[in-house]
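Please read the structure below before turning to the comments.
Just the heavy atoms: all of them, side chains too, but no hydrogens, waters or symmetry mates, feed the values below. Source: prediction; values computed, not measured.
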Amino acid sequence: MILKPKGTADVYGQESLKWQYINQLIADLCNKANYSMIRTPVFEATELFHRGVGETTDIVTKETYDFIDRGERPMTLRPEGTAGVVRSYIENKMYGEPTQPIKLYYNGCMYRYERPQSGRSREFVQFGVEVLGTDDPLIDAEVISLPVNLLKKLGLKGIKVNINSLGDNESRNNYKNALVNYFKPQINELCPDCQRRLDKNPLRILDCKFDKDSPILVNAPKVIDYLNESSQERFKKLQQYLTDLAITYEVNPRIVRGLDYYNHTVFEIEATIKDFGTNNVLVGGGRYNSLTSELGGPETPGIGFAMGIERLILALDQEGIVLIKEPTIDCFIMYVNDEEKMVALILTNELRDQGYITETEYCNRSLKGQFKQAERLNSKYYIILNSELLKNNQITIKNAQTKEENIISRDELSAFLEKNV
Ligand code: HAM
C-alpha cells in the first residue's frame, strides 16, 4: 500500500465541510474589507526565499523543500506566502496601479520540512493578507483586526493578541547591537541553537523555546527601550487605533518573529486554550518596509499576516466549537426498473438545477435498501418513482420525519418543495 508522505493529511468527509465553511468566511471577510484574491505559484526560484525570508532563518537553513527542475533550475516549494506575493507585486508592477495601497489575500498550501507533531506539519494551509503601498499605522490596525474578527466570528474565546515593535532599521540595529553585547559574555550558558544565533540573528534568541525561562532571557534588554522617537510615536498610534477598535492586546517584548524581513509592527495571536500544546501560535504577522526593495522593486512599505488553518481547526475542536450541523440532503429519488431510472436521472438533474440538494440510487439497491440509504444521508424527502403512477405523470413524495406520504403530479413538485423544504 502506498501511504501519504509524513507530515501531510487527507481532508475529506465531515472534516472537509469545516474547511469549506472556514474558506467561505475568509472570502466574505476579505471581500468586505476590499482585499482581492491572489494566487501565486506553489514553487518559486530558490533565491526568492533566501533573499526574501532570510539566509539565517530556520525556515531557509533547515526547512525548505528544494529541488532542481528538469531545466537545471534551483526551485523551492514555498514555505510561506509573503515572498511570493511581493515578487508578484514587483513583477506585475502593481506599484503603478492608481488605487494604492494594494490589498491582497491568499489561502493556500505551504511546505516546511519540520518534525511533524500536533499543529506542525510539512504541508499546511495558510490564509494570509499582504498590504503594499502605505506605512500608515491605520493599516497595521486593520491587518491585525482581520484575523481577530475572523476568530471572533468563529466563536473562539481562548485567544491572546501579542504585539511588539522592532522599530525602523536604525532602532532595530541599535537593539541588535545591545543584544549581542548583553548575550556575548554569557552565551555559553544558552543552548547550541542560541549560540549559533548570536552572530547571525541575535533577535531570535529571545523566542528560543528551550531557554525561554532562563533568567538570561527574562532579563535581556527590551526592544521598546531602543526605539527612536518616530518609531515610538508610530507604535503609540497603532496602540491607540487598536484600543479604538476595542481589540484587547498585550505589548509583549519577546515577540520578534522568525523571519528576517520585519520592522516596526510585529504581532502574533496565540491560543490560550488549556492543554493546547506548544504550537499555539495561530497567526503571525508584521510590517516589512524593506522587503520590496530587497527583492529588486521600488521602496514600498508592506504589512501582512498568515493564519495556519490546521491550527485554527485544532483550536476550534479543542474549544468544542461545532461549525457544521449533521449534513442533510433535501430529496432522495428512488426507482426500481429501467424506465423509472431514466426519470430519476432527469428529475435529479431538474431538482439540483432548482437549488435542491438531491441524490438518487447508483448501486442497484432494492427499494428497501434505498430507503436505508436515504436515511443514512439524512434526506428530508423521499421521492419514490413507480411506472404505474408515472403513466399519469404522478410521483410519491414522503416526508422522512412525519412519514406523511402524498401522491402528487410531477408538475406540482417544484411548488410542493418550495413550500415545504
Ligand atoms: P509564520 O509565523 O512563519 O509567518 O507562519 C504563520 C502561521 O502559519 C503560524 O502562526 C502557524 O499558524 C502556521 N504555520 C507555520 N508553520 C506551520 C507548520 N509547519 N504546520 C502548521 N502550521 C504552520 C509567516 O509565514 C509570514 N509569511 C506571515 C506574514 C505575512 N508576515 C507578513 N505577512
Side-chain angles (χ1 to χ4, degrees), residues 18 22 25-26 29 57-59 63 79-82 110 112 114-121 124-129 140-166 203-214 217-218 220 222-224 235 238-239 241-243 245-259 262 264-287 303-321 323:
K18 292 184 199 167
I22 292 169
L25 274 191
I26 288 171
L29 179 88
T57 58
D58 284 355
I59 295 179
E63 293 170 6
E80 58 101 54
T82 312
M110 309 292 158
R112 295 185 194 174
E114 300 195 84
R115 201 163 54 79
Q117 48 192 269
S118 171
R120 193 172 288 279
S121 45
F124 58 97
V125 175
Q126 278 187 346
F127 151 52
V129 313
D140 299 33
E142 176 175 304
V143 164
I144 295 173
S145 77
L146 289 173
V148 169
N149 289 345
L150 183 72
L151 297 175
K152 205 164 139 210
K153 242 198 181 117
L154 286 164
L156 196 71
K157 299 215 170 50
I159 60 159
K160 187 169 154 221
V161 180
N162 292 297
I163 65 167
N164 192 16
S165 172
L166 303 177
L203 259 69
R204 285 308 308 279
I205 298 178
L206 294 173
D207 68 357
C208 173
K209 297 233 154 59
F210 190 75
D211 284 321
K212 68 181 189 324
D213 299 320
S214 149
L217 258 66
V218 175
K222 308 262 180 293
V223 63
I224 290 290
F235 193 37
L238 167 63
Q239 292 180 58
Y241 292 148
L242 291 177
T243 307
L245 286 173
I247 293 175
T248 311
Y249 64 88
E250 193 175 299
V251 176
N252 182 340
R254 296 278 281 270
I255 302 287
V256 288
R257 312 274 306 126
L259 299 85
Y262 294 111
H264 288 298
T265 308
V266 282
F267 72 100
E268 289 183 353
I269 304 180
E270 58 175 315
T272 53
I273 310 160
K274 197 168 161 274
D275 298 331
F276 189 67
T278 47
N279 296 315
N280 66 340
V281 180
L282 306 180
V283 178
R287 183 161 275 290
I303 181 165
F305 75 80
M307 169 188 282
I309 305 297
E310 287 84 356
R311 276 189 205 178
L312 169 66
I313 291 178
L314 278 176
L316 293 167
D317 289 348
Q318 185 87 1
E319 273 201 359
I321 294 170
L323 300 179

Is the shortest side-chain N to carboxylate O distance from Glu250 to Lys160 below 4.0 Å? yes
Would you indicate whether the side-chain heavy atoms of Val251 and Gln239 approach each other to under 4.5 Å? yes
Is Asp207 salt-bridged to Lys212, going by a charged N under 4.0 Å from an acidic O? no
Test side chain to side chain contact (heavy atoms under 4.5 Å, CB included) on Ile26 and Ile309; report intermediate values, then the result. CA-CA 11 Å; Ile26 288 171; Ile309 305 297; 4.0 Å; yes
I'd like to know if the side chain of Thr272 and the backbone of Gly158 have a donor-acceptor N/O pair within less than 3.5 Å. yes
Salt bridge (Lys or Arg N to Asp or Glu O under 4.0 Å) between Glu80 and Arg112, intermediate numbers included: CA-CA 9 Å; Glu80 58 101 54; Arg112 295 185 194 174; 5.8 Å; no
Could you check whether any side-chain heavy atom of Leu151 comes within less than 4.5 Å of a side-chain heavy atom of Leu312, counting everything from C-beta outward? yes
Is there a donor-acceptor pair under 3.5 Å between the side chain of Asn279 and the backbone N or O of Ser118? yes
Nearest-0.5 Å distance that lies between atom CZ in Phe305 and atom CD in Gln126: 10.0 Å
Has Glu319 got a side-chain atom pairing as donor or acceptor with Lys157's backbone, closer than 3.5 angstrom? yes
Identified side chain to side chain contact (heavy atoms under 4.5 Å, CB included) partner of Phe127 from the options Val283, Ile22, Leu150: Leu150
Within the 4.5 Å heavy-atom criterion, are Leu316 and Leu323 side-chain neighbours or not? yes
Any side-chain heavy atom of Leu25 within less than 4.5 Å of one from Lys153? yes
Under 4.0 Å between a side-chain nitrogen and a carboxylate oxygen: does that hold for Glu310 and Arg120? no
How far apart are the C-alpha atoms of Asp58 and Glu63, what are their side-chain angles, what is the distance that settles it, and do they pass the side chain to side chain contact (heavy atoms under 4.5 Å, CB included) test? CA-CA 7 Å; Asp58 284 355; Glu63 293 170 6; 3.9 Å; yes
Between Thr248 and Leu242, is there a side-chain heavy-atom distance shorter than 4.5 Å? no
Atom CD1 in Ile247, atom CD1 in Ile163: separation rounded to 0.5 Å? 9.5 Å
With the side chain counted from C-beta on, respond yes when Glu270 and Ile159 share a heavy-atom pair under 4.5 Å apart, and no when they do not. no
Under the criterion side chain to side chain contact (heavy atoms under 4.5 Å, CB included), I'd like the reasoning laid out for Ile144 against Leu245: C-alpha separation, chi angles, the key distance, then a yes or no. CA-CA 10 Å; Ile144 295 173; Leu245 286 173; over 6 Å; no
Pair Asp275, Gln318 - check side chain to side chain donor-acceptor pair (under 3.5 Å), show working. CA-CA 9 Å; Asp275 298 331; Gln318 185 87 1; 5.2 Å; no
Shortest non-hydrogen separation from Phe267 to Pro147 and the atoms involved: CE1-CG, 4.5 Å
Are the side chains of Asn252 and Ile255 in contact, using a 4.5 Å heavy-atom criterion? yes
Using a distance-only test with no angle check, is there a side-chain donor-acceptor pair under 3.5 angstrom linking Glu268 and Asn162? no
Taken to the nearest 0.5 Å, the spacing of Leu282 CG from Leu156 CG works out to 6.5 Å
Interatomic distance, OG1@Thr243 vs OH@Tyr241, rounded to 0.5 Å, equals 12.0 Å
When you measure from the side chain of Arg311 to the backbone N and O of Gly119, does any donor-acceptor pair fall under 3.5 Å? yes
Using side chain to side chain contact (heavy atoms under 4.5 Å, CB included), reason through Thr265 and Leu238 one step at a time and then give a plain yes or no. CA-CA 8 Å; Thr265 308; Leu238 167 63; 3.6 Å; yes
State the CZ-CD1 distance between Arg254 and Ile205, to the nearest 0.5 angstrom. 11.5 Å
Nearest 0.5 angstrom please: Tyr262 OH to Ile303 CD1, how far? 9.5 Å
For residues Leu203 and Leu166, determine if any side-chain heavy atom of one lies less than 4.5 Å from a side-chain heavy atom of the other. yes
What are the two closest non-hydrogen atoms of Phe124 and Pro79, and how far apart are they? CZ-O, 4.0 Å
Is the backbone N or O of Pro253 less than 3.5 Å from a side-chain atom of Asn164, with the two atoms forming a donor-acceptor pair by type? yes
